[in-house]
Amino acid sequence: MAGKRKDKDNSSSDDSSSEDDIKKKKLKTNTPLIKVSVTSNDNKNKQLTDILTELSVFEKNKGQVHRFTAYRKAVLSIKAYPHEIKSGLEAQKLDGVGAKIAKKIDEILKTGDLKKLKSQNQDETLTAINQLSRVTGIGPQKAKSLVEEGIKTIDDLKKIKNTLTHHQQIGLKYFSEFEQRVPRKEIEVFEKLVSNSLFSIDPNIISQVCGSYRRGLESSGDIDILISHPNFTLEMKDKKKTFNIIEKLVESLKKKHILIDDLSLGPLKYMGVCKLVSTEISEQHIARRIDFKLIPYESYYFGLLHNTGSDEFNRQMRGIALKQGFTLSEYSINKLSKGVKNETPILVNSEKEIFDIIGMEYYPPNKRNL
DNA sequence: TGGACTGCGCATCCGA
DNA sequence: TCGGATGCGC
DNA sequence: GTCCA
């Protein structure tokens, strides 16, 4: 239903000879990985990346997830580019920047603004959809139907709270809090609390906080914890034998009043809300998003690698794996023979072994902030 | 020029 | 009521 | 929107 593309007036038919030149010269952000320092605030093209990021959000909320990722990829390339971009043509040498974005960059450099963005920002429906989509559980479809019913703001949502799903109601309840970053110090406390609960459930459980926390950043968007146990194997997962670690963990943390609301709870994945207990003398704390994932034991290091990211790092590493004849996933690495996946899983005992298999230099987590 | 772009767990909806 | 489809998040 | 077969 969501309208097919209609990009009229923008028929990208121009400059064909220079196009081919550009393609050959494309700087692949592939092999070798371009290193960006952990504090990569040396972005000389902030105006460009800010505007392109805004465009990406519009696309995502219009349901155009691939256009969203396309813009995001272009933004990452530009952020990693160490010079001030002076023309669309210059930008187009970067991986992920094509003719359309190059044209937009020219317009931005020339006029300081972008008509497409302006008109979208003046579109009441689109901006309302963007607003509603900030509530977790409300995606492009729900946002669209809400706006069609005349619900356009967060305040409007509160009036019809009872018609929302449980997930959406929790999203509304903590709307502002979920948009705050979680300081590293606070995650360290949660880490300890969760570890303690897990140890009392079964001392053989292993766990690790992943995401940007593991990459060493000073704050994260949420808290993402991977859990495994020697007795929970791939075979058990495939046969759907239940292993109720997550259920026990959730129960334990609720007793400690650390978990205060749930978004979803299954045998393999929990999504919920946590908050440190505030006392009179300590500072007051706010609610945070937290996820637990139970990973089969043989998949643990693959899960660790995958869930540590960054997304861009994963993308590039998977690309390198492919060149070496492997497919790398969240669960395993498999040899490709004649393009077909060999189903025999390769076992590893560390992340480093995965790098070794594809002949790649080891990147510790704090070097994966691409 | 048209298809790929990760794909899977959970909640909820929908149709038989 | 149940199995599959869909929306969503990551 | 970009890339690639």
Side-chain angles (χ1 to χ4, degrees), chain A residues 1-2 4-5 7 10-13 19-20 22-24 26 28-30 52 55-56 58-77 91-105 116 132-146 163-171 178 210-212 220-226 237-238 240 242 246-247 262-272 289-295 299 302-303 306-312 314-315 317-319 321-322 327-332 339:
Chain A
M1 47 164 87
K4 284 282 141 199
R5 254 340 12 175
D7 237 330
N10 215 359
S11 46
S12 74
S13 52
E19 275 259 346
D20 286 341
I22 287 165
K23 273 181 189 165
K24 286 170 198 156
K26 282 277 181 190
K28 296 287 177 192
T29 43
N30 253 340
L52 292 175
L55 289 175
S56 80
F58 273 110
E59 293 303 332
K60 181 173 68 175
N61 293 333
K62 282 189 274 186
Q64 301 285 335
V65 16
H66 298 304
R67 288 182 172 222
F68 161 72
T69 57
Y71 274 115
R72 221 160 118 265
K73 183 178 172 189
V75 166
L76 283 167
S77 276
Q92 204 171 342
K93 292 173 185 163
L94 275 52
D95 193 22
V97 180
K100 306 277 272 291
I101 290 182
K103 200 170 171 181
K104 289 177 171 67
I105 285 177
K116 290 243 169 184
L132 298 178
S133 299
R134 288 161 60 190
V135 175
T136 177
I138 297 182
Q141 299 302 319
K142 182 64 180 177
K144 181 164 180 271
S145 66
L146 284 169
T163 70
L164 299 176
T165 67
H166 176 70
H167 184 140
Q168 291 159 350
Q169 293 188 32
I170 301 302
F178 287 171
C210 294
S212 54
S220 303
D222 60 11
I223 305 166
D224 188 5
I225 302 184
L226 240 57
K237 174 179 178 281
D238 288 343
K240 302 200 189 314
T242 119
I246 288 192
E247 187 187 323
D262 306 324
L263 295 175
S264 67
L265 169 60
L268 300 174
K269 189 177 71 166
Y270 173 81
M271 299 172 70
R289 279 278 296 105
I290 190 166
D291 295 343
F292 304 126
K293 276 193 204 175
L294 177 62
I295 305 280
S299 296
F302 299 102
H306 175 89
N307 287 82
T308 298
S310 67
D311 288 348
E312 178 60 16
N314 289 346
R315 203 187 122 258
M317 186 163 173
R318 284 197 308 269
L322 226 40
T327 72
L328 176 58
S329 78
E330 168 168 19
Y331 301 108
S332 62

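The chains referred to below are lettered A, B, ... by the order of the sequence lines, with proteins before strands, and numbering in each begins at 1.
- Residue A/Gln168 forms a side chain to side chain contact (heavy atoms under 4.5 Å, CB included) with just one option from A/Ile138, A/Leu132, A/Thr136, and that option is A/Ile138.
- Between the CZ atom of A/Arg67 and the C1' atom of B/dA4 there is a distance of 15 Å, rounded to whole Å.
- In this structure A/Ser264 satisfies the side chain to side chain donor-acceptor pair (under 3.5 Å) test with no other residue, sequence neighbours excluded.
- Whole-Å rounding puts the A/Leu322 CG to B/dT6 P distance at 12 Å.
- In this entry the distance linking CG of A/Leu226 with C1' of C/dC10 reads 13 Å, nearest Å.
- The cationic group of A/Lys237 lies under 6.0 Å from the six-membered ring centre of A/Tyr331 and within 45° of the ring axis, placing it in a cation-pi geometry.
- Contacts of A/Val135 with the nucleic acid, taken as non-hydrogen atoms under 4.0 Å apart, involve only primed sugar atoms and P, OP1 or OP2.
- Of the residues near DNA chain B, A/Tyr331 and A/His66, the one whose nearest nucleotide (by heavy atom distance) lies more toward the 5' end is A/His66.
- Between C/dC10 and B/dC5, the distance separating the two P atoms is 22 Å to the nearest Å.
- At a threshold of 4.5 Å between non-hydrogen side-chain atoms, the residues A/Phe302 and A/Leu328 count as touching.
- Here A/Ser329 lies out of heavy-atom contact (under 4.0 Å) with every strand.
- In this structure, CD1 of A/Ile138 is placed 14 Å from P of C/dC10, rounded to the nearest angstrom.
- In this structure the side chain of A/Asp222 never reaches within 4.5 angstrom of the side chain of A/Phe178, judged on heavy atoms.
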For nucleotides 1-3 of chain C, print each protein N/O atom paired with a nucleotide N/O atom at under 3.5 Å, atom names and distance only.
none

Under-3.5 Å N/O pairs linking protein and nucleotides 10-12 of chain B:
unit_1	atom_1	unit_2	atom_2	d
B/dC10	OP1	A/Pro267	N	3.0
B/dC10	OP1	A/Leu268	N	2.8
B/dC10	OP1	A/Lys269	N	3.0
B/dA11	OP1	A/Leu265	N	2.8
B/dA11	OP1	A/Leu265	O	3.4
B/dT12	OP1	A/His166	N	3.4

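- What separates NZ of A/Lys60 from C1' of C/dG9 is a distance of 10 Å, to the nearest Å.
- When the options A/Thr308, A/Asn307, A/Leu294 are evaluated for a side chain to side chain contact (heavy atoms under 4.5 Å, CB included) with A/Leu226, the one that passes is A/Asn307.
- In this view, A/Asp291 and A/Arg289 satisfy the salt bridge (charged side-chain N to carboxylate O under 4.0 Å, His left out) rule, not counting sequence neighbours.
- For A/Lys142, no side-chain nitrogen or oxygen approaches OP1 or OP2 of C/dG7 to under 4.0 Å.
- Within 4.0 Å (heavy atoms only), A/Lys237 reaches sugar-phosphate atoms of the nucleic acid but no base atom.
- A/Arg289 comes within 4.0 angstrom of the backbone, heavy atoms only, and of no base.
- Looking at residues two or more places apart in sequence or on another chain, you find a salt bridge (charged side-chain N to carboxylate O under 4.0 Å, His left out) between A/Arg72 and A/Asp311.
- Under the rule for a ring-ring contact (aromatic ring centres under 6.0 Å, His included), the partners of A/Phe292 that lie at least two apart in sequence or sit in another chain are A/Tyr270.
- Per the geometry, CG belonging to A/Asp311 stands 8 Å off C1' belonging to C/dC10, to the nearest Å.
- The C1' atoms of D/dT2 and B/dC8 are separated by 25 Å, rounded to the nearest whole Å.
- In terms of phosphate contacts, A/Lys103 brings no side-chain nitrogen or oxygen within less than 4.0 Å of OP1 or OP2 of D/dG1.
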